[in-house]
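Whatever order the structure lists ligands and atoms in, that order sets their numbers, starting from 1.
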Amino acid sequence: MTGPTAGRPGPTVLVVEDDAETRAVLVRELATRGYRVVEAPDGATALREWQARRPDVVLLDLGLPDVDGLQVIRRIRRDASTPIVILSGRYEEREKVEALERGADDYVTKPFGVDELHARLRVAIRHAAGPAANAEGRTSVGPLELDPARHEVRVRGTRVDLTPIEFELLRVLMSHAGRLVTKGRLLRSVWGEAYQGEDSYVYVHVSQLRRKLAAADPDGSLRDLIVTEPGVGYRVRDPSDLPA
Ligand code: CA
């Protein structure tokens, strides 16, 4: 194996893609970056390889020749929390959202950059290994610190006054730093099952949360902390992208 992790085995990625050309590019690029790559041209092969190899992450094209990509997700989620990153076409918006709601962890849209793809896989694998929080559950992203036990958020040590809803939104987003959180998931986690479809709740409170964080941080490094993924949800930028 060549690449940055030569000498120690990298994570295993199962690449599920029916388009031979795209698959070949993925296999080559990921192998270069140190992944052990298992490939599958259809859903049946994907599930067989998944059973046999138990990869660290699955990269899944939704449009497969034999079964629906959603079925692959459902089958994997029946007994494993293996991270699943979707490869979606620009015309597959509805399928993408459905896949994310059914347990896929993230997505990249074709045509994608290899760096972006690698970042998504890396974050998905890292979080599957365990939560980013320390023993007391405190999480931090750049200058922002959240302490669930004390119900406190601080920016460079100065407390930010958040409502309970804003606090909970930020807590869920920060506990998934770098990863996508769908609007449906935020509604379920913060408001509860009965609020499915009330996307405007999320929109209004995220806007308010952004305003408060931006105001609490005069040097502006938190202005773009919460990134909107149009039509899908939100993502707190990965800590490694932010200045400390
Ligand atoms: Ca396809």
Side-chain angles (χ1 to χ4, degrees), residues 1 3 10-128 176 178-185 227-235 238:
M1 189 186 295
T12 301
V13 55
L14 171 57
V15 174
V16 188
E17 165 66 76
D18 59 316
D19 181 71
E21 209 174 304
T22 307
R23 195 171 69 245
V25 170
L26 288 168
V27 168
R28 188 180 66 231
E29 294 292 347
L30 292 172
T32 301
R33 284 168 188 255
Y35 291 88
R36 284 178 293 185
V37 185
V38 180
E39 49 183 307
D42 54 52
T45 311
L47 288 174
R48 204 164 54 237
E49 292 288 2
W50 178 76
Q51 288 281 10
R53 306 290 288 269
R54 292 298 172 132
D56 298 296
V57 62
V58 178
L59 187 57
L60 176 68
D61 176 35
L62 287 179
L64 296 172
D66 55 345
V67 299
D68 190 332
L70 293 174
Q71 287 174 257
V72 176
I73 295 171
R74 199 175 311 130
R75 177 62 196 88
I76 291 176
R77 281 289 168 269
R78 228 192 305 163
D79 54 15
S81 58
T82 311
I84 301 171
V85 175
I86 293 163
L87 285 170
S88 97
R90 296 209 177 279
Y91 50 89
E92 294 175 322
E93 280 297 309
R94 196 181 49 78
E95 291 87 345
K96 176 178 80 184
V97 173
E98 193 172 356
L100 291 164
E101 292 294 348
R102 283 173 189 237
D105 296 86
D106 213 330
Y107 71 94
V108 286
T109 304
K110 297 186 217 179
F112 48 84
V114 178
D115 288 338
E116 182 197 0
L117 173 64
H118 179 55
R120 293 279 178 269
L121 293 176
R122 202 185 43 194
V123 169
I125 292 168
R126 190 171 65 222
H127 282 273
H176 294 80
R179 287 181 299 166
L180 175 74
V181 184
T182 62
K183 286 178 290 183
R185 179 158 189 176
V227 179
T228 302
E229 298 273 349
V232 182
Y234 300 90
R235 180 194 308 273
D238 190 59

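In this structure, the side chains of Y35 and L26 stay at 4.5 Å or more apart for every pair of heavy atoms. Taking the side chain as every heavy atom from C-beta outward, D106 and R235 approach each other to under 4.5 Å.
Residue contact annotation: E17 places no N/O/S atom under 3.0 Å from the Ca ion (ligand 1). With a cut-off of 3.0 Å, the Ca ion (ligand 1) has an N, O or S atom of G63 in range.
Counted within 6.0 Å of CZ on R185, heavy atoms from surrounding residues, nucleotides or ligands total 12 or fewer; the atom is thus considered open. Within a 6.0 Å sphere centred on CZ of R53, heavy atoms belonging to other residues, nucleotides or ligands number 12 at most.
D18 contributes atom OD1 as its closest N/O/S atom to the Ca ion (ligand 1). Closest to the Ca ion (ligand 1) among the N, O or S atoms of D61 is OD2.
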